[in-house]
Every structure is written in C-alpha cells, then in structure tokens.
Amino acid sequence: MPRSGRRPGKAGARSRTRRQARPVSADARVIANHRVHVVPVVLALANPPWQRDVWLDPSVFENLDHVVHTLFDDFCDADEPERYLGVSLRSEEEVALMRELGAALNTAAAEAPNDTDAEYLRAPSWPTVVAVAGRLAQVMVANDLKELVALHGAGPSTPT
C-alpha cells in the first residue's frame, strides 16, 4: 500500500458531488440563535465533573447562576416551557423534559438555603437534576443533528 494510505486505483472512486443545502428560514435562525445558548447549559447540567471544575472555580465566567438565567429568564422558561416550542425547543418531548428539569432545579434550590453553587451540587435532589438534564441533552442533540441533516438536503441514512 502506498505511504499515503490510499489503495492504488481507488482515487476518485467516490462521487465528489455535493448536495445543495436548503436556504435557512427566519424561524430556523431564531431557534438556532436560542439553542446555541440553551443546549450548552443543559449539557453542563448533565456533567457533574464540569460542574465541579468550572462552576466552583471563581475565576471562570460560567456558574450555576448563568445556567439558571439561561433556562428560566433569557432563552427559555423552564417553569412554563410550552411557549418556547419553536423558539428554543424543537419538540413536545423537549418541552416535557424542560418542565421536568425546571421542577428538579426548583427542588434543588429549596435544598440550597444560601443559594451557592456548592450547596446545589450537594443537594439531595441534585442527581435528579443531572439525570433529567442528561435525558434532555440527548433529545436536544439528536433533534439538532436531524435538523442539520435536513438542512444539508440528505435524508438520514441507516447502516447496512
């Protein structure tokens, strides 16, 4: 085999045609602009090592306060997520999981009387926050990947 790793006679064997991407609608831009904020904070809630390494480091911008403002004030309302369907949430499943995440965060808040990130992370209900955030993150990322495939004009493929 040549050092380049290519097998002789295979160059150009694959089609080099590119599919045309669909134009992006104004609605798609709105949801993308919201989700670029929401998805990362949901992922952070699903990742306890990140929480300890980042939120408990006072020199880092991101903390639980940033997460809460993103999910309850700025780009969604985890207490009443229905009105964000089509704005920052793509499906009814995301709405239901966001509502569940909001309830779990509210329970953890009640268990953190001094409202510190460290107290939240030690709250008895915090594992529920992490679990719900993990389920929501999986659904949101899967939905975003499906949308990305659709935007590029390719139908989802299945392994053969």
Side-chain angles (χ1 to χ4, degrees), residues 15 17-56 60-112 115-160:
S15 171
T17 60
R18 293 185 184 246
R19 296 177 190 226
Q20 283 289 14
R22 292 189 318 206
V24 179
S25 70
D27 288 343
R29 281 190 190 94
V30 167
I31 198 166
N33 287 333
H34 278 72
R35 286 175 80 89
V36 77
H37 298 281
V38 174
V39 172
V41 299
V42 171
L43 288 167
L45 283 169
N47 188 338
W50 173 270
Q51 296 161 11
R52 288 186 301 273
D53 292 347
V54 175
W55 296 349
L56 300 181
V60 178
F61 166 75
E62 183 182 318
N63 56 27
L64 187 55
D65 192 50
H66 166 74
V67 170
V68 169
H69 280 290
T70 299
L71 295 181
F72 287 89
D73 304 323
D74 300 337
F75 297 98
C76 195
D77 180 353
D79 287 325
E80 297 179 21
E82 297 79 12
R83 62 191 174 114
Y84 283 88
L85 182 60
V87 178
S88 57
L89 304 172
R90 291 192 190 278
S91 68
E92 292 290 341
E93 183 179 16
E94 288 182 7
V95 169
L97 286 167
M98 183 62 75
R99 186 182 314 102
E100 190 177 341
L101 180 58
L105 283 165
N106 288 329
T107 300
E111 298 169 347
D115 201 35
T116 67
D117 291 3
E119 280 184 320
Y120 274 85
L121 299 183
R122 288 190 308 265
S125 65
W126 194 253
T128 301
V129 171
V130 172
V132 174
R135 290 195 314 272
L136 178 56
Q138 191 279 328
V139 170
M140 293 182 89
V141 169
N143 286 343
D144 284 350
L145 291 173
K146 288 175 193 169
E147 181 64 18
L148 183 62
V149 167
L151 284 171
H152 286 282
S157 62
T158 56
T160 55

Which atom names give the shortest non-hydrogen contact between [X] and [Y], and what distance separates them?
X: S91; Y: N143; result: OG-ND2, 3.5 Å
X: C76; Y: L89; result: SG-CD1, 4.1 Å
X: W55; Y: A44; result: CZ2-CB, 3.9 Å
X: A123; Y: P127; result: O-CD, 3.9 Å
X: A78; Y: G102; result: CB-CA, 3.6 Å

Do [X] and [Y] have side-chain heavy atoms sitting under 4.5 Å apart?
X: M98; Y: V38; answer: yes
X: Y120; Y: V129; answer: no
X: L145; Y: V149; answer: no

Residue pairs passing the salt bridge (Lys or Arg N to Asp or Glu O under 4.0 Å) test where at least one lies in residues 87-97, sequence neighbours excluded: R35-E94, R90-D144
Sequence neighbours excluded, every pair satisfying ring-ring contact (aromatic ring centres under 6.0 Å, His included) that has a member inside residues 75-102: H34-F75, H37-F75
Side chain to side chain donor-acceptor pair (under 3.5 Å) partners of [X], counting only residues at least two apart:
X: N33; value: none
X: T128; value: none
X: R122; value: none
X: R99; value: E82

Sequence neighbours excluded, which residues qualify as side chain to side chain contact (heavy atoms under 4.5 Å, CB included) partners of [X]?
X: P48; result: Q51, R52, V130
X: A32; result: none
X: D53; result: none
X: N63; result: D65, H66, D117

Nearest 0.5 Å, what's the [atom1]-[atom2] distance between [X] and [Y]?
X: L45; Y: L64; atom1: CG; atom2: CG; result: 7.0 Å
X: L71; Y: D79; atom1: CG; atom2: CG; result: 10.5 Å
X: L105; Y: W126; atom1: CG; atom2: CH2; result: 5.5 Å

Report all side-chain donor-acceptor pairs from residues 132-140 shorter than 3.5 Å, counting only partners two or more places apart or in another chain.
unit_1	atom_1	unit_2	atom_2	d
R135	NH2	E100	OE1	3.4
R135	NH2	E100	OE2	2.6

Whether E119 side chain and D115 backbone form a donor-acceptor pair below 3.5 Å: yes
